[in-house]
Amino acid sequence: MDPLRRSPSPCTSRPPSPRTPPCEMLGHVGIEAVLEQLKIKAMKMGFEFNIMVVGQSGLGKSTMVNTLFKSKMWKSTLPGLGVPMPQTLQLQSVTHIIEENGVKLKLTVTDTPGFGDQINNDKCWDPILGYINGQYERYLQEEILITRQRHIPDTRVHCCVYFVPPTGHCLRPLDIEFLQRLCRTVNVVPVIARADSLTIEEREAFRRRIQHDLRAHCIEVYPQKCFDEDISDRILNSKIRDRIPFAVVGADQEHLVNGRCVLGRKTKWGIIEVENMAHCEFPLLRDLLIRSHLQDLKDITHNVHYENYRVFRLNQSHALPRGPGWVNLAPAPADLTATPGPWKVRWQAHDSSDEEC
Amino acid sequence: MAVAVGRPSNEELRNLSLSGHVGFDSLPDQLVNKSTSQGFCFNILCVGETGIGKSTLMDTLFNTKFESDPATHNEPGVRLKARSYELQESNVRLKLTIVDTVGFGDQINKDDSYKPIVEYIDAQFEAYLQEELKIKRSLFNYHDTRIHACLYFIAPTGHSLKSLDLVTMKKLDSKVNIIPIIAKADTIAKNELHKFKSKIMSELVSNGVQIYQFPTDEETVAEINATMSVHLPFAVVGSTEEVKIGNKMAKARQYPWGVVQVENENHCDFVKLREMLIRVNMEDLREQTHSRHYELYRRCKLEEMGFKDTDPDSKPFSLQETYEAKRNEFLGELQKKEEEMRQMFVMRVKEKEAELKEAEKELHEKFDLLKRTHQEEKKKVEDKKKELEEEVNNFQKKKAAAQLLQSQAQQSGAQQTKKDKDKKNASFT
């Protein structure tokens with residue numbers, strides 16, 4: 001339960017925060033109908049979700065997106081012969097509206113072909129950071145208008161799925177650099193891509209080493225420990241944190257296994273079923289991203305990451321000297337890669353004592 | 001490093017068909033779970049004369065005894081009293097705030113009766129706006145005190161609206177969702193009630209008062225909202241006492257000529273009010289307050305402070321830019337004022353100093369003058385003293401000379417007398 005705020009002055013201007021003990025109601029009033037009203041309103045307005053997939057080419061990002069949303073978001077990119085690798089990092093977004101049982105979802109997937117593919121990958125995270133901050137900037141500009149829209153279109157990236165190549169050893173310097181920078185700006189979910197090249201034991205060892213690396217470099221991936229609201233959240237999220245990064249396999253072709261039609265990859269030595277927990281952890285990823293934590297991802301993006309960005313931008317404008325005429329919301333810097341720094345906004349009043357950084 | 005972002009324009013949004021169950025139909029549930037854990041805020045403002053039954057109606061509506069003392073009729077002005085309560089039903093927590101207008105309609109001169117109400121509503125909007133404009137803000141656990149619904153209690157005269165009612169409602173209709181209700185409806189007979197209702201509604205329409213329209217764009221609620229709207233304003237009766245009717249207890253008012261049952265739709269519209277206010281449209285009331293009334297207030301306030309939105313020719317002005325500029329201007333003025341004050345102070349000090357110096361000089365002069373006079377006096381006195389001494393000397397000298405002469409004269413006289421005597425003697429002889 002949120003700590004109820006104490007209002008400063010109890011006089012005529014603002015009523016005091018409710019500190020009175022809860023009143024007993026003697027009969028049914030009907031307050032819980034508000035939940036139904038909320039649901040109806042939400043369904044009418046529709047939902048938005050923006051996801052970004054980052055990783056080297058060939059790790060199966062596009063296939064994974066297709067598998068997650070069970071549709072052809074875009075054709076799997078198979079490099080054709082003679083087609084040169086993109087020399088620069090290009091972000092591509094595609095938006096679809098999908099509907100299930102009356103719930104409309106406007107889904108935007110941003111791909112990053114060319115990431116980590118060059119010989120010199122220095123600062124290859126800049127365009128990505130720039131894009132993410134650009135979306136925050138857009139939302140901020142809309143929010144501070146005088147006449148604003150009823151519903152500001154939300155293009156901010158809610159979740160970034162980072163594909164770790166299945167080397168089996170540990171995180172590479174590129175991975176660490178990227179994760180460090182990005183986990184402060186956006187919710188990052190790392191996954192082990194193409195996990196069918198690792199055995200179960202190798203997967204576990206790889207996972208432990210990655211977790212160790214993440215802790216050693218103070219990288220907080222989603223679900224972040226400091227945003228757990230209460231005990232049940234913490235228990236649920238600890239279970240998830242234990243299994244991060246998920247070892248996933250993506251497939252968009254169906255095969256017949258034991259009479260059932262399943263999504264899977266067919267190889268000479270067997271069929272790897274995507275939805276089979278014994279084969280890979282794709283269901284965990286799907287459940288996390290879609291079935292249980294989608295709203296939470298959006299909330300944390302809005303309440304924490306966006307607020308941090310906003311604080312950063314507003315402080316920037318205060319620091320500037322006064323120039324001629326109107327000055328001071330510095331024009332959005334062309335290079336939006338400045339990251340705000342460690343989280344300044346806390347979800348709860350208490351800080352977890354077992355944080356390392 | 002060049003960045004090319006390929007973003008499709010809105011027209012290219014297309015619906016995609018799913019080939020299996022993805023699972024995001026749990027989204028509304030996820031949203032509802034989040035909201036439930038945070039709790040809901042709902043704030044009702046009750047406007048009406050003293051003794052018209054506001055507190056009783058609130059008690060009846062929420063099935064609770066909110067503790068309150070009945071107000072007197074001696075209030076010098078209209079005062080708003082707000083109290084907050086926390087109610088819980090199954091897993092829904094509601095932070096309810098009830099704001100009462102104490103002393104409304106009691107004064108002899110009611111010209112300014114609406115002003116405290118409007119000020120209160122604006123103050124709540126202002127508080128929210130301040131929070132929203134802060135740099136470090138926490139809107140997600142902000143205790144929202146903006147008024148979501150205003151229940152306007154109309155006295156059951158049976159004729160028409162009072163002018164006080166019209167004026168007050170006109171002032172409030174752009175700031176809050178107004179739901180007019182006829183209070184103490186058990187004093188009006190049924191046929192009179194119908195005429196009264198239509199008279200009120202036509203007066204409201206002809207005076208351009210915009211009351212809250214129950215939303216009819218959503219199929220699930222359109223029908224019920226449409227049927228209920230016909231019965232506006234709701235004629236309600238409130239009671240917290242229970243009377244035995246048939247074989248169960250029900251809230252009712254007992255008269256010698258019969259029992260008025262609160263929850264009987266034939267007797268009064270209380271059930272309709274409860275349906276509309278709580279069970280069907282609570283969320284819509286909150287949303288209208290936020291997206292319409294609050295936005296209007298925000299826009300007016302910001303335009304009043306001199307901000308504009310994008311200027312088509314130059315760079316887009318932003319709120320923060322102008323705010324920053326105004327802030328600097330204000331600080332500059334403040335500094336200037338400070339300088340002025342300092343200078344004035346210094347000047348005053350100088351003046352005072354000069355005055356004091358003058359006074360000092362004068363004193364010195366006086367002192368010198370006195371000294372001089374004193375010295376002159378002294379000299380005069382000394383001169384006189386010298387003169388006196390001279391005179392005394394002279395006198396002494398004269399005296400001495402006179403004495404000598406006298407003695408000589410005496411001697412010569414004696415000699416003369418002796419001579420005379422001798423002569424005499426000689427003559428005798």
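Side chains included, hydrogens not; waters and symmetry mates left out as well; all remaining heavy atoms used. Each chain gets a letter, A, B and so on, in the order the sequences are listed, and its residues count up from 1.
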- Message: Under a 3.5 Å cutoff, is there a donor and acceptor pairing between the side chains of A:Arg150 and B:Ser291?
- Response: yes
- Message: Given 3.5 Å as the limit, does a donor-acceptor pair link the side chain of A:Glu100 with the main chain of B:Gly23, or not?
- Response: yes
- Item | Any donor-acceptor pair under 3.5 Å from A:Gln295 side chain to B:Leu31 backbone | no
- Note on the structure: Pair count under 4.5 Å, heavy atoms only, with chain A: among B:Asp217, B:Asp284, B:Leu139, highest is B:Asp284
- Query: Is the number of heavy atoms from other residues, nucleotides or ligands within 6.0 Å of NZ (A:Lys104) greater than 12?
  - Reply: no
- How far does OG of B:Ser90 sit from CG of A:Leu35, to the nearest 0.5 angstrom? 7.0 Å
- Query: Of all heavy-atom pairs between A:Ile290 and B:Gln30, which one has the smallest distance, and what is that distance?
  - Reply: O-NE2, 3.0 Å
- Message: Under 4.5 Å from any heavy atom of chain A, what part of B:Leu61 do you find: side chain, backbone, both or neither?
- Response: backbone
- Taking every heavy atom of A:Lys39 against every heavy atom of B:Pro28, the minimum-distance pair comes out as CG-CB, 3.7 Å
- Message: Rounded to the nearest 0.5 Å, what separates atom CD1 in A:Ile144 from atom CG in B:Leu302?
- Response: 11.0 Å
- Select one option (side chain, backbone, both, neither) describing which atoms of A:Phe47 are under 4.5 Å from chain B's heavy atoms. side chain
- Is it the backbone or the side chain of B:His21 that comes under 4.5 Å from a heavy atom of chain A, or both, or neither? both
- Pairwise distance CD(A:Gln37) to CD(B:Glu287) - rounded to 0.5 angstrom: 11.5 Å
- Item | chain B contact via A:His151 - side chain, backbone, both or neither, heavy atoms under 4.5 Å | neither
- Message: Are A:Val34 and B:Arg279 packed together at the side-chain level, in the sense that at least one heavy-atom pair is separated by less than 4.5 angstrom?
- Response: no
- Side chain from CB out, backbone as N, CA, C, O: work out which of these in B:Val22 comes under 4.5 Å of a heavy atom of chain A, or both, or neither. both
- Message: Please classify the contact between B:Asn33 and chain A as side chain, backbone, both or neither, with a heavy-atom cut-off of under 4.5 Å.
- Response: neither
- Item | Contact origin within B:Leu94 toward chain A - heavy atom pairs under 4.5 Å | side chain
- Part of A:Leu289 lying under 4.5 Å from any heavy atom of chain B: neither
- Query: If you count the non-hydrogen atoms of other residues, nucleotides and ligands that lie under 6.0 Å from CD in A:Glu142, is the total more than 12?
  - Reply: yes
- Which residues share a side chain to side chain contact (heavy atoms under 4.5 Å, CB included) with B:Asp122, sequence neighbours left out: B:Val118, B:Phe125, B:Lys175, B:Tyr297
- Message: Nearest 0.5 angstrom please: B:Ile135 CD1 to A:Leu314 CG, how far?
- Response: 5.0 Å
- Task: Find the distance between CD (A:Glu36) and CE (B:Met282) and round it off to the nearest 0.5 Å.
- Result: 14.0 Å
- Note on the structure: From the list B:Arg137, B:Lys134, B:Lys136, salt bridge (charged side-chain N to carboxylate O under 4.0 Å, His left out) partner of A:Glu307 resolves to B:Arg137
- Turns out that what part of B:Arg274 lies under 4.5 Å from chain A's heavy atoms comes down to side chain
- Item | B:Phe24 portion near chain A, given a 4.5 angstrom heavy-atom threshold | both
- Side chain, backbone, both or neither: which part of A:Arg286 has an atom under 4.5 Å from a heavy atom of chain B? side chain
- Using a cut-off of under 4.5 Å for heavy-atom pairs, which of B:Asn43, B:Leu296, B:Ile278 has the most such pairs with chain A? B:Ile278
- Gap separating the OG atom of B:Ser26 from the CG atom of A:Leu294, nearest 0.5 angstrom: 8.0 Å
- Query: Between the side chain of B:Glu89 and the main-chain N/O of A:Ile31, is any donor-acceptor distance below 3.5 Å?
  - Reply: yes
- So, does B:Arg298 use its side chain to make a donor-acceptor pair with the main chain of A:Ile146 at under 3.5 Å? yes
- Item | Contacting moiety of A:Glu254, where chain B heavy atoms sit under 4.5 Å | neither
- Query: Taking NZ, NE, NH1 and NH2 as the nitrogens, is one of them in B:Glu132 or A:Arg148 under 4.0 Å from a carboxylate oxygen of the other?
  - Reply: yes
